[in-house]
Amino acid sequence: MMNHDQPSAKDRCGKIWSGMQLLKDTTESKHFLPTGLEGIDTLLGGGLRQGQLTEVTGPSSSGKTQVCLHSASLVAAKHMGVVMYLDTSNSFSPSRVATIIDGSSDVFGQRGFDLQPKDMRLKSVMRSIICESVFDIFALFEVLHQLEGSLLNDKVNNGGSKICLLIIDSISSLLAPIIGGKYPQGRSMMISVAMILKKLADEHNLSVLVTNHTVSAGNGAVKPALGESWRAVPHVRLVLSRECGSNICTATVLKHTLKVFPL
């Protein structure tokens, strides 16, 4: 397939970049935060790129939250930095994190990590995860503005580690209700959220990971929710699918600013 979503000069934080700036941003060496899921990291070219917004979309039970939890657990376990996890549906749970780290300690690769008691491993990981429940767009704005202020003042850290990953699971739960007609300024609010997220990623070198649900595209097909206005926001868009009754999850790249997809 061809990538129809090439980045524009205004794709980053709503500001205009020169061609040389875009080239430098594309080619310079930036770190990737691995998700801990080998197949997805391969598709993404290494993981969640710092300075960019990655979206994982898919129907219910396709594995979106699992990607978020794996990413948060791995980053925290490897002491790569602090993770801020914004939970919109009470899907985050320490017990799910415990299951992930108990089954993946060899992947985390920390010396002596798998030799620690299970409760110590969990506490070690949870110390580097800041989880907040966010149930509407206004709470999201408040949290993001607080985060921006804290980052500017270098206050979001834990034992000297700074925040490196921001996760919102799910962004569509907060944005879909405001673009359905109830709020006249709903789309403007959605774009404001997008600009704040991309500004945070760009200025503070964060990896931003959000999840989005799917809606009908007609003829039995589905497409990512939130419409055309949101379509241009993610730097990377990954869609997950799972056959009914199967434990096998399929991931497909819909958009990637660092890749050109062949015909």
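What's counted below: heavy atoms across the whole structure, side chains too, no hydrogens, waters or symmetry copies. Only a predicted model underlies this, so the values are computations on that prediction, with no experimental measurement involved.
Contact of the C68 side chain with the F92 side chain is not registered, since no non-hydrogen atoms from C-beta on lie closer than 4.5 Å. Considering only heavy atoms from C-beta on, E148 comes within 4.5 Å of L200 through its side chain. Side-chain contact between L152 and H204: present, with at least one pair of heavy atoms (C-beta onward) separated by less than 4.5 Å. Between S128 and M80 there is no side-chain heavy-atom pair separated by less than 4.5 Å. Counting heavy atoms from C-beta outward, I40 and V56 have side chains that stay 4.5 Å or more apart. Side-chain atoms of L209 and S71, non-hydrogen and from C-beta on, do get closer than 4.5 Å to each other. The shortest distance between side-chain heavy atoms of Q66 and I100 falls below 4.5 Å. Side-chain atoms of K123 and M126, non-hydrogen and from C-beta on, never get closer than 4.5 Å to each other.
Looking only at distances, no side-chain donor or acceptor of R121 sits under 3.5 Å from a matching main-chain atom of D102. A distance-only check finds a donor-acceptor pair linking the side chain of T57 to the backbone of N212 [under 3.5 Å]. Without hydrogens or angle criteria, K223 side chain to G218 main chain gives no donor-acceptor distance under 3.5 Å. For the pair T42 (side chain) and E38 (backbone), a donor-acceptor distance under 3.5 Å is present. A distance-only check finds a donor-acceptor pair linking the side chain of S172 to the backbone of H213 [under 3.5 Å]. A donor-acceptor contact shorter than 3.5 Å is absent between the side chain of K118 and the backbone of A98.
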Candidate pair I137 and L175, rule side-chain contact (heavy atoms from CB on, under 4.5 Å), full reasoning: CA-CA 7 Å; I137 186 67; L175 298 180; 3.6 Å; yes

Evaluation steps, side-chain contact (heavy atoms from CB on, under 4.5 Å), between L140 and I171: CA-CA 9 Å; L140 177 61; I171 192 78; 4.1 Å; yes

Worked verdict on H79 versus S124 for side-chain contact (heavy atoms from CB on, under 4.5 Å): CA-CA 9 Å; H79 305 296; S124 174; 3.8 Å; yes

Test log, rule side-chain contact (heavy atoms from CB on, under 4.5 Å), inputs M189 and F138: CA-CA 10 Å; M189 294 167 71; F138 304 105; 3.8 Å; yes

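Checking each of V210, V236, I168 against L53 for a side-chain contact (heavy atoms from CB on, under 4.5 Å) leaves exactly one that passes, namely V210. Shown are L206, D202, V233, L144; of these, the side-chain contact (heavy atoms from CB on, under 4.5 Å) with L197 is made only by L144.
Distance OG/S170 to NZ/K64: 7.5 Å, rounded to 0.5 Å. Here T252 contributes atom OG1 and L43 contributes atom CG; the two are 7.5 Å apart, rounded to the nearest 0.5 Å. D41 CG to L33 CG: the interatomic distance, rounded to the nearest 0.5 Å, is 10.0 Å. Note that CG of L74 is 10.0 Å distant from CG of L48, once rounded to the nearest 0.5 Å. The structure places CG of L122 at 9.0 Å from OG of S73, a figure rounded to the nearest 0.5 Å. In this structure, SG on C131 lies 5.0 Å from CG on D87, to the nearest 0.5 angstrom.
Summarising the geometry of L240 relative to A251, their closest heavy-atom pair is CD2-CB, 3.6 Å, with the distance given to 0.1 Å. Heavy-atom minimum distance, S62 versus C249: O-SG, 3.2 Å. Nearest heavy atoms, N90 versus S133: OD1-OG, 4.0 Å. Pairing each heavy atom of W230 with each of A225, the nearest pair is CD1-O, 4.4 Å. Taking every heavy atom of both residues into account, A176 and L226 meet most closely at N-CD2, 3.8 Å. Here the closest non-hydrogen pair linking H235 and K255 is O-CG, 3.8 Å.
Residues L238 and V222 are members of separate hydrophobic clusters, defined by side-chain heavy-atom contacts under 4.5 angstrom among Ile, Leu, Val, Met, Phe, Trp and Tyr.
Applying the side-chain contact (heavy atoms from CB on, under 4.5 Å) test to T65 and every residue at least two apart in sequence or in another chain returns L69, Y85, S91, R96, D169.
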